[in-house]
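As a basis for the values below, the full set of heavy atoms in this structure was taken, side chains included, without hydrogen atoms, waters or symmetry mates. All residue numbers refer to positions in the sequence shown, counting from 1.
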Amino acid sequence: MDAAQALAHASLYTDDALYIPVHLPASAIVAAAGALAESATPFSALIADKDEVTLILPQSEWESFAHRLPDHRTAAPYRLITFDQPLEFELVGFMALVSRVLAGAGVSILAISAFERDHLLVPAAQFEAAWIALEAARNALPPGE
């Protein structure tokens with residue numbers, strides 16, 4: 001299956017929640033992991049690299065953890081779009097195709113790949129434009145075999 005076929009086959013899913021991307025210093029990994037462990041949400045993310053920790057939580061949950069995570073910065077609320085279909089590790093160009101579609105609609109993205117599914121966080125103010133552009137692209141592509 002190629003990228004276009006994968007996009008045509010993938011259902012779009014959203015949960016209507018607002019998400020807050022949080023920037024923390026690299027030294028905050030344990031505190032961020034603790035917040036994530038206490039979170040009772042079906043979608044969240046923790047990314048750590050040598051320079052920083054990024055924590056993504058629903059806005060409602062973030063508000064209860066913010067005081068425990070000093071030195072944080074946050075971005076404006078985002079909305080979730082999940083490509084609700086398992087994607088193969090060998091699939092090439094899927095996120096490039098999705099990025100082109102959304103760039104054409106003027107939508108910025110924060111892309112997160114899980115083991116089987118890809119997720120996008122888009123600024124809440126751009127969610128409708130993103131959803132419409134992705135649905136149009138999905139419907140314009142032949143599903144193939």
Side-chain angles (χ1 to χ4, degrees), residues 1-139 141:
M1 180 178 298
D2 67 16
Q5 292 169 327
L7 181 58
H9 282 288
S11 297
L12 299 181
Y13 167 81
T14 190
D15 59 7
D16 298 321
L18 294 175
Y19 290 89
I20 302 296
V22 181
H23 173 274
L24 296 161
S27 61
I29 182 64
V30 173
L36 186 66
E38 291 178 38
S39 175
T41 182
F43 182 84
S44 58
L46 175 66
I47 302 167
D49 64 32
K50 67 180 183 53
D51 298 312
E52 64 183 329
V53 171
T54 301
L55 180 62
I56 299 168
L57 290 172
Q59 184 173 17
S60 58
E61 296 221 3
W62 167 244
E63 292 164 358
S64 66
F65 292 115
H67 71 281
R68 293 175 31 194
L69 298 166
D71 301 323
H72 68 267
R73 295 190 329 251
T74 60
Y78 278 65
R79 293 274 310 274
L80 172 70
I81 298 174
T82 295
F83 298 97
D84 204 8
Q85 171 180 314
L87 300 171
E88 299 172 358
F89 275 100
E90 296 79 19
L91 181 61
V92 174
F94 182 77
M95 197 52 68
L97 174 59
V98 167
S99 295
R100 277 193 307 275
V101 167
L102 293 177
V107 176
S108 66
I109 64 170
L110 177 59
I112 301 170
S113 293
F115 193 89
E116 288 189 337
R117 285 169 178 72
D118 285 350
H119 310 274
L120 298 176
L121 289 170
V122 299
Q126 297 178 324
F127 176 81
E128 291 300 325
W131 192 271
I132 290 167
L134 289 170
E135 282 290 1
R138 286 181 62 248
N139 292 328
L141 296 168

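Residues Asp71 and Pro25 approach most closely at O-CD, 3.6 Å, considering heavy atoms. When all heavy atoms of Ala105 and Ala129 are compared, the closest pair comes out as CB-O, 4.4 Å. Scanning both residues, Thr14 and Leu80, for their nearest heavy atoms gives OG1-O, 2.6 Å. Listed here is the closest heavy atom pair of Ala28 and Val53: C-CG2, 4.4 Å. Between Phe43 and Pro58 the shortest heavy-atom distance is O-CD, 4.0 Å. Across every non-hydrogen atom of Val101 and Ala133, the tightest pair is CG1-O, 3.6 Å.
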Before you tell me yes or no, could you show the steps for Thr82 and Leu12 under side-chain contact (heavy atoms from CB on, under 4.5 Å), namely the whole-Å CA-CA distance, both residues' side-chain angles and the distance that decides it to 0.1 Å? CA-CA 6 Å; Thr82 295; Leu12 299 181; over 6 Å; no
Quick one, Ile109 with Ser99, criterion side-chain contact (heavy atoms from CB on, under 4.5 Å). Give me CA distance, side-chain angles, the key distance, then yes/no. CA-CA 8 Å; Ile109 64 170; Ser99 295; 3.6 Å; yes
Applying side-chain contact (heavy atoms from CB on, under 4.5 Å), run through Leu120 and Leu110 and close with a yes or a no. CA-CA 6 Å; Leu120 298 176; Leu110 177 59; over 6 Å; no
Show your working on side-chain contact (heavy atoms from CB on, under 4.5 Å) between Met95 and Asp118 and close with a plain yes or no. CA-CA 8 Å; Met95 197 52 68; Asp118 285 350; 3.6 Å; yes
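At least one side-chain heavy atom of Met1 sits less than 4.5 Å from a side-chain heavy atom of Gln85. No side-chain heavy atom of Phe65 sits less than 4.5 Å from a side-chain heavy atom of Val22. Using a 4.5 Å cut-off on side-chain heavy atoms (C-beta onward), Ile112 and Ile56 make contact. At least one side-chain heavy atom of Leu18 sits less than 4.5 Å from a side-chain heavy atom of Arg79. Under the 4.5 Å side-chain criterion, counting only non-hydrogen atoms from C-beta, Thr54 is not in contact with Leu46.
The structure places CG of Leu36 at 6.0 Å from CG of Leu55, a figure rounded to the nearest 0.5 Å. In this structure, Leu57 CG and Ser64 OG are separated by 8.0 Å, a value rounded to the nearest 0.5 Å. Distance check: Ser108 OG to Tyr78 OH gives 5.0 Å after rounding to the nearest 0.5 Å. To the nearest 0.5 Å, atoms CG (Leu69) and OG1 (Thr74) are separated by 11.5 Å. Atom NE2 of His23 is separated from atom CG of Asp51 by 8.0 Å, given to the nearest 0.5 angstrom.
Judged purely by atom type and a 3.5 angstrom limit, Glu116 has no side-chain atom pairing as donor or acceptor with the backbone of Pro86. A donor-acceptor pair under 3.5 Å links the side-chain atoms of Arg138 to the main chain of Ala10, judged by distance alone. Checked by atom type and distance alone, the side chain of Gln5 pairs as donor or acceptor with a backbone atom of Asp2 at under 3.5 Å.
Looking at Glu52 and Arg73, no side-chain N of the basic residue comes within less than 4.0 Å of a carboxylate O on the acidic one, giving no salt bridge.
Checked against the 6.0 Å centroid criterion, the rings of Tyr13 and Phe83 do not qualify as a close aromatic pair.
Looking at Glu61 and Thr41, their side chains never bring a donor and an acceptor atom within 3.5 Å of each other.
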